[in-house]
**Q** 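Before I ask anything, here is the structure I am working with.
The figures that follow rest on heavy atoms only: side chains count, while hydrogens, waters and symmetry mates do not. Order of the sequence lines fixes the chain letters, A, B, ..., with proteins taken first and strands second; residue numbering starts at 1 for each chain.
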Amino acid sequence: MTPLLQIYQSLFDYYGPQGWWPIHQEGYHHLNYRIPRNSKERLEICFGAILTQNTNWKNVEKAILNMFKLNLFDTDTFDKISLKNLESAIKPSGYFVQKAKKLKAFFDYYKTLNECNLPTREGLLAIWGIGPETADSILLYAYQTPQFVVDSYTKRLLTNLNMISEKSNYQQIKQLFETQIPSNVPLYQEFHALLVAHGKNFYSKKPYGGCFLEIHQQDFPQ
DNA sequence: AACCAGGACGTGA
DNA sequence: TCACGTCATGGT
């Protein structure tokens, strides 16, 4: 068992299944990984991945509820909404001017997709406003593609456990997970969700650390 | 009242 | 490349 798999086991045992990606739409069943179940849920995940950039999920939920009321997870409706109206709808999520542009930019790409033309990581990264974490979130949670999502909590944790150096970049950390963790979509989804749950508890306020994973530090050579 | 949140981009060096 | 400023609302 690799060090990262041990961490997964510890986190899962402690927190239990997280069941990401959270979806607000009616009928969503928590802890159901086989999402999205339809195109509106898929679009909600994609938009949520953009809206949650450096933003508390509670704020994103408010924005998503506004969008839902305006039927903006329907492609024809979203296509018609003005930039200004979109901005006011997503205002609670913060950075609303930038994010409205980002949603529109993503939607231009989204419209070109179909069953035979699925999104690619390179394609997503070419969109203004979509960086590596957002691209991987979209691929993993909206399109069930085994791309590991690395967020700031994860980097803080691995740094604290001396498994990486502080200046490791996104790709290096991603590769670490993807070489140690079997390529499996539900596993990638659950692991990332668990890392965020753990990060909120122990890697939000400085000084970071003091978490129960530290007792295994000697098992995680750098 | 400062600090933080499930980042990404633009800029100057 | 890379370090740093900017974007913004809402909860603690």
Side-chain angles (χ1 to χ4, degrees), chain A residues 7-8 11 15 17-24 30 33 35 44-67 83-109 121-143 147-160 164-174 177 187-211:
Chain A
I7 290 179
Y8 174 79
L11 293 177
Y15 295 103
Q18 303 298 300
W20 276 23
W21 188 274
I23 296 236
H24 107 280
H30 190 53
Y33 303 118
I35 57 176
E44 180 181 328
I45 294 171
C46 295
F47 286 163
I50 294 171
L51 293 176
T52 197
Q53 291 173 357
N54 197 39
T55 300
N56 189 300
W57 183 254
K58 281 294 179 187
N59 288 12
V60 177
E61 285 181 330
K62 302 175 196 296
I64 284 181
L65 183 58
N66 290 340
M67 293 186 75
L83 202 54
K84 290 300 175 188
N85 287 341
L86 182 57
E87 287 175 3
S88 61
I90 67 171
K91 189 163 295 188
S93 75
Y95 310 121
F96 57 89
V97 176
Q98 286 192 349
K99 283 177 178 174
K101 290 179 190 167
K102 293 180 181 183
L103 294 180
K104 286 289 191 181
F106 168 77
F107 191 71
D108 287 338
Y109 179 71
R121 196 164 191 273
E122 311 80 62
L124 289 168
L125 289 176
I127 303 169
W128 182 86
I130 297 196
E133 182 181 345
T134 306
D136 287 336
S137 294
I138 289 172
L139 290 170
L140 180 63
Y141 290 104
Y143 289 91
Q147 299 284 344
F148 202 90
V149 179
V150 178
D151 65 273
S152 56
Y153 289 135
T154 304
K155 182 171 184 177
R156 290 174 191 172
L157 172 66
L158 295 200
T159 302
N160 183 246
I164 60 171
S165 78
E166 305 175 31
K167 51 183 179 58
S168 301
N169 62 31
Y170 186 97
Q171 197 60 29
Q172 291 172 319
I173 302 172
K174 176 181 173 69
F177 279 91
L187 178 59
Y188 279 17
Q189 292 178 339
E190 187 58 42
F191 201 170
H192 172 238
L194 286 165
L195 287 164
V196 172
H198 188 63
K200 285 176 177 173
N201 284 339
F202 296 99
Y203 294 87
S204 179
K205 294 188 290 284
K206 289 184 180 181
Y208 301 138
C211 73

**Q** Can you measure A:Leu51 atom CG to C:dA8 atom P for me and round it to whole angstrom units?
**A** 13 Å
**Q** Contact class for A:Ser204 vs. all strands (heavy atom < 4.0 Å): base, sugar-phosphate, or nothing?
**A** sugar-phosphate
**Q** Just call it for A:Ser152: base, sugar-phosphate, or nothing, with non-hydrogen atoms closer than 4.0 Å on any strand.
**A** sugar-phosphate
**Q** Any non-hydrogen side-chain atom of A:Thr159 less than 4.5 Å from a side-chain atom of A:Tyr208?
**A** no
**Q** Measure from the side chain of A:Pro132, starting at C-beta and using heavy atoms only, and say which of B:dG7, B:dA8, C:dA8 lies closest.
**A** B:dA8
**Q** Can you tell me the distance, in whole Å, between the CG atom of A:Asn59 and the P atom of B:dG7?
**A** 13 Å
**Q** Using the C1' atom on both, measure C:dG10 against B:dC9 and round to a whole Å.
**A** 23 Å
**Q** DNA chain B: A:Asn56 or A:Ile127, which has the more 5' nearest nucleotide?
**A** A:Asn56
**Q** Quickly work out the A:Phe106 CZ to B:dA8 P distance and round it to whole Å.
**A** 14 Å
**Q** Does B:dC4 have OP1 or OP2 under 4.0 Å away from a side-chain N or O of A:Arg156?
**A** no
**Q** Please state whether the rings of A:Tyr188 and A:Phe148 are parallel, tilted or perpendicular, taking 30° and 60° as the class boundaries.
**A** perpendicular
**Q** Rounded off to whole Å, could you give me the NZ-to-P distance for the A:Lys62 and C:dG10 pair?
**A** 7 Å
**Q** Identify whether any heavy atom of A:Tyr95 sits under 4.0 Å from a base atom; if not, whether one sits that close to sugar-phosphate; answer base, sugar-phosphate or nothing.
**A** base
**Q** Given atom CD of A:Glu61 and atom P of C:dG11, what is their separation to the nearest angstrom?
**A** 11 Å
**Q** B:dG7 phosphate, OP1 or OP2: any side-chain N/O from A:Lys102 under 4.0 angstrom?
**A** no
**Q** Looking at B:dG7, I'd like to know if its phosphate oxygens (OP1 or OP2) sit under 4.0 Å from a side-chain N or O belonging to A:Thr55.
**A** no
**Q** Would you please indicate yes or no on a ring centroid separation below 6.0 angstrom for A:Phe191 and A:Tyr8?
**A** yes
**Q** So, do A:Tyr153 and A:His198 have ring centers that fall under 6.0 Å from each other?
**A** no
**Q** Please confirm whether the shortest side-chain N or O distance from A:Trp57 to OP1 or OP2 of C:dG11 is below 4.0 Å.
**A** no
**Q** Which listed nucleotide (B:dC9, B:dG7, C:dT9) is nearest to the side chain of A:Trp128?
**A** B:dC9
**Q** Should A:Leu139 and A:Leu124 count as side-chain neighbours, where that means a heavy-atom distance under 4.5 Å?
**A** yes
**Q** Base, sugar-phosphate, or nothing: which does A:Gly131 touch, judged by heavy atoms less than 4.0 Å apart?
**A** sugar-phosphate
**Q** When you measure from the side-chain N and O atoms of A:Thr52 to the phosphate of B:dA5, is any distance below 4.0 Å, counting only OP1 and OP2?
**A** no
**Q** Checking all strands, does A:Val60 fall into the base, sugar-phosphate, or nothing category for heavy-atom contacts under 4.0 angstrom?
**A** nothing
**Q** Could you tell me the separation between the CG atom of A:Asn169 and the P atom of B:dG7, rounded to a whole number of Å?
**A** 17 Å
**Q** Specify the separation, in whole Å, of atom CD1 of A:Ile90 and atom P of C:dC7.
**A** 16 Å
**Q** Any side-chain donor paired with an acceptor under 3.5 Å for A:Asn85 and A:Ser88?
**A** no
**Q** The side chain of A:Tyr153 lies closest to which of these nucleotides: B:dG7, B:dA5, C:dT9?
**A** B:dA5
**Q** Would you say A:Lys174 and A:Val149 make side-chain contact, with heavy atoms under 4.5 Å?
**A** no
**Q** Where the side chain of A:Asn54 is concerned, which of B:dG7, C:dG10, B:dG10 is the nearest nucleotide?
**A** B:dG7
**Q** Take A:Ser93 and A:Lys167, find for each the nucleotide of DNA chain C with the closest heavy atom, and name the residue whose nucleotide sits nearer the 5' end.
**A** A:Lys167
**Q** Go through C:dG10, C:dA8, B:dA8 for me and flag the one nearest to the A:Pro92 side chain.
**A** C:dG10
**Q** Using whole Å, report how far NZ of A:Lys205 lies from C1' of B:dA2.
**A** 13 Å
**Q** Regarding A:Leu195, tell me which of base, sugar-phosphate or nothing describes its non-hydrogen contacts under 4.0 Å with the strands shown.
**A** nothing
**Q** Between B:dA1 and C:dA8, how far apart are the P atoms? Round to whole Å, please.
**A** 24 Å
**Q** What's the closest nucleotide to the side chain of A:Gln98 if the choices are B:dC9, B:dA8, C:dC7?
**A** C:dC7
